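Structure record follows, encoded as structure tokens.
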Amino acid sequence: MPVFHTKTIESILDPVAQQVSKLVILHEEAEDGLPMPDLQQPVRSVSNAVLNLVKVGRETINSSDDQILKQDMPGALVRVERSSKLLEEASRMLKDDPYSSPARKRLIDGSGGILQATSALLLCFDESEVRKIIRECHRVLDYLAVAEVIETLDELVQFLRDLSPCLSRVSREVSAREKELTHQVHAEILVRCLEQIKTLAPILICSMKIYIHIVSQGGKGAEEAAENRNYLAMRMTDEINEIIRVLQLTSYDEETSE
Amino acid sequence: EMILEAAKSIAAATSALVKAASAAQRELI
């Protein structure tokens, strides 16, 4: 059985994956047994659903500015269409011969192919959504990188104006993503990183204020204050980088690495 | 998202098809 790494994909595909597995087992146990029923109507329903998915998929490709999605999604759509054609062939063949063994094979290959290709398509879409979150994470990293050149309170105010909305978006989106993951360990890492960031952010701002204050008062202890500020910025950078790493993991990656 | 809705429709239709195809075989087992 395939492993789906988000709850949304799992809820869509897990029931059909179980049905396809059962069909394969039944086919192996009862090959050339009873005649197949007329499957024209249910195959037509699948074909119509595939036509709609291909239409929606093409619209998604055309409207997206994600080059990886534009590159990966068409292949998945072609595979869905090809599997649908196998089902149509199976249906025609079974109408002529309800015992046809090649038709049964096409039925299994077609339904399994639809499952795999739809899974690939949803994964492609999901990865594109993840890349949007990662883009936000990179914005936060860019702001953190300038923390050490902030020298005045006015600059600090502007720094906060830039960083705060970005950090809020990352927090909101990563929190939602964490709830979506089926992989508990990955979800827990994201929660832990978010908690760290929420703790570190106000301390970083405080350390920047202290640095600015010390510099404005003549500079004694400025070096230590700068070190402390840089350390906190680095800690936050590490947490964001860990979020980026975990966001890109799927359960499949983990199994492969194991 | 429309793509999720479209995938749900495919999953439901494929599930119905596979159930129909399985029914006859199940009788035999």
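Labels below follow one simple rule: chain letters A, B, ... track the order of the sequence lines, proteins then strands, and each chain is numbered from 1. Source: prediction; values computed, not measured.
Only the side chain of Leu87(A) comes within less than 4.5 Å of a heavy atom of chain B; its backbone N, CA, C and O stay farther away. Neither the backbone nor the side chain of Ser91(A) comes within contact range of chain B, judged by heavy atoms closer than 4.5 Å. For a residue to count as touching a neighbouring chain, one of its non-hydrogen atoms must lie under 4.5 Å from one of that chain's; by this rule Leu121(A) touches chain B with the side chain only. If you measure heavy-atom distances from Ser111(A) to chain B, the contacts under 4.5 Å come from both the backbone and the side chain.
Counting all heavy atoms, side chain and backbone alike, Ser22(B) lies closest to Leu23(A) at OG-CD1, 3.5 Å. Minimum heavy-atom separation, Gln19(A) to Ser15(B): CG-OG, 3.3 Å.
The salt bridge (Lys or Arg N to Asp or Glu O under 4.0 Å) search around Arg172(A) returns none, not counting sequence neighbours.
Listed in order of number, the residues of residues 122-133 of chain A that approach chain B to under 4.5 Å between heavy atoms are Leu122(A), Phe125(A). When the heavy atoms of residues 45-53 of chain A are compared with those of chain B, the residues falling under 4.5 Å are Ser45(A), Val46(A), Ala49(A), Val50(A), Asn52(A), Leu53(A), listed by number.
Looking at Leu115(A) and Thr14(B), their side chains never come closer than 4.5 Å, going by heavy atoms from C-beta outward.
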N/O donor to acceptor pairs below 3.5 angstrom from side-chain atoms of residues 67-81 of chain A, sequence neighbours left out:
unit_1: Lys70(A); atom_1: NZ; unit_2: Ile61(A); atom_2: O; d: 2.9
unit_1: Lys70(A); atom_1: NZ; unit_2: Ser64(A); atom_2: O; d: 3.1

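With chain B as the partner, the residue from Leu39(A), Val54(A), Thr118(A) showing the most heavy-atom pairs under 4.5 Å is Leu39(A).
Expressed to the nearest 0.5 Å, how far CG of Leu17(B) lies from CD of Gln41(A) amounts to 11.0 Å. Going from atom CD1 of Ile12(A) over to atom CD of Glu5(B) covers 7.5 Å, rounded to the nearest 0.5 Å.
Residue-environment remark: CD (Glu1(B)) stays at or below the threshold of 12 foreign heavy atoms within 6.0 Å. Around NZ of Lys95(A), the count of heavy atoms belonging to other residues, nucleotides or ligands within 6.0 Å does not exceed 12.
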